[in-house]
Amino acid sequence: MKVPNLELKLAYDELREELNEAVLRVCASGWYIGGEEVAAFERDFASYCEADHCVGVANGLDALHVALQAMDVGPGDEVIVSSNSYIATLLAVSRVGASPILVEPDPATHNLDPARVEAAITPRTKVLLPTHLYGQPADLDPLLSLARKHGLRLLEDAAQAHGARYRGQRIGSHGDAVAWSFYPSKNLGAMGDAGAVTTNNPELAERIRVIGNYGSAVRYVNREKGVNSRLDPVQAAVLAVKLRYLDEWNARRQSISLAYSSRMQGLGLELPFVPDWASPVWHLYVVQTGRRSSLQDHLHAHGIGTQIHYPIPPHLQEAYRDLNLRPGSFPIAERLAGTVLSLPIGPQMTAAQADAVVEAVASWARANAA
Ligand SMILES: *Cc1c(COP(=O)(O)O)cnc(C)c1O
């Protein structure tokens, strides 16, 4: 049985009629920037996230960038990020001219370790920017306390966490602002690029909207040097349809994760750890092993697609050679990069496919033990 890592076409197939209707409705409307489709999705998504405001933008990187600009982060400022995030989190900080300050993750959760954050705070620190990696919420309460104590803002990178809850409350308004990506493979994915910022702060929401529209609230009157980053109405219409299925599709991911976690005990893999305050949405199901390439080859030979999120940590990327950080500077992030493997998971994956993955991992473990 073939088990691709993720099959996006199946999501379209499942909702084909509703999606076709939504896209054609926008085509026929004659309204191709902003408008009611965008406003309706922003309302729906804000309410889904338990946030007061949602501002659509063009993609997840822009969501982070525009939020940082709205928080007046710029040259000379420092933003604390996890050494174990996707590079976009750092790139957004660099794009406003600020410096990303890396702090190691908790090796159990793979997310920014609040216990290590305070030592990294300096008079230049403006923002704490945790990522909810793999759909697992970061530990927000201690980060919120640190932000309050030191007068910092908290911005969350929630690109992988649509629908996740931290201590019972949806990700979307714990921090000052929350940045979202609707890249097609995310839990809530568009059919192209799209993103958003949610917040309970009305001034921040207004500022983000203005920055994303060339720094202009009134046509041809430009308050500040903004960018062009708007949520496309075709994508908004698609997202409004898919949002109605998000909880059901996240529940399907959850049942695959439960099958994996219960049936892959004792096979020599480190399985995901879920703290009692976390309700993750299983964007990825990530295991760890020191024998990763052997496992990956074995699964590949059985028709099972895997991926590595991520093989090179940001501080060792050529793009960040100016940080002058050598191998060994962030050992936890580096060890994760060398051992993590993402098994197939997705809302259209069948129980039989999950069984096939478990069987193949078990046969690898048997071959290893022999
Ligand atoms: C996908 C992703 C982004 C960037 O989103 P785009 O829409 O591709 O710009 C940022 N951060 C994380 C953690 C992501 O997974």
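Both counts, for ligands and for their atoms, begin at 1 and track the order of listing.
- Linking ILVMFWY residues whenever their side-chain heavy atoms come closer than 4.5 Å, directly or via other members, leaves Tyr320 and Ile101 in distinct clusters.
- A search for side chain to side chain contact (heavy atoms under 4.5 Å, CB included) contacts involving Val241 returns Leu15, Glu18, Leu19, Ala22, Arg244, Tyr245, not counting sequence neighbours.
- Applying the side-chain hydrogen bond (donor to acceptor under 3.5 Å, both in side chains) rule to Glu248 yields the partners Arg252; only residues at least two apart in sequence or on another chain are considered.
- Ranked by closest heavy atom to atom 1 (C) of ligand 1, the top entry among His309, His65, Lys186 is Lys186.
- Considering only non-hydrogen protein atoms, atom 10 (C) of ligand 1 sits nearest to Ala88 CB, 3.4 Å.
- With ligand atoms numbered from 1 in the order given, ligand 1 contributes 13 (C) to contacts under 4.0 Å with heavy atoms of Thr131.
- At least one N or O atom of Ser181 sits closer than 3.5 Å to an N or O atom of ligand 1.
- Remark: the Tyr166 side chain and the Ser279 side chain contain no N/O donor-acceptor pair separated by less than 3.5 Å.
- For ligand 1, the atoms sitting less than 4.0 Å from at least one non-hydrogen atom of Ala159 are 2 (C), 3 (C), 10 (C), 11 (N), 12 (C), 14 (C), 15 (O), numbered in the order shown with element in parentheses.
- If you check the side chains of Asp157 and Tyr86, you find no donor sitting under 3.5 Å from an acceptor.
- In terms of protein heavy-atom proximity, atom 13 (C) of ligand 1 is closest to Asp157 OD2, 3.5 Å.
- Among the atoms of Tyr86, none of the N or O lies under 3.5 angstrom from an N or O of ligand 1.
- Residue contacts with ligand 1 for Leu61 involve both N, CA, C or O and side-chain atoms from C-beta outward (heavy atoms, distance under 4.0 Å).
- Once rounded to the nearest 0.5 Å, the distance linking OG1 of Thr199 with CG of Asp176 reads 7.0 Å.
- In this structure, Leu341 is not a member of the same hydrophobic cluster as Leu6, with clusters built from ILVMFWY side-chain heavy atoms closer than 4.5 Å.
- For a threshold of 3.5 Å applied to N or O pairs, the pair formed by Gly60 and ligand 1 contains at least one separation below that value.
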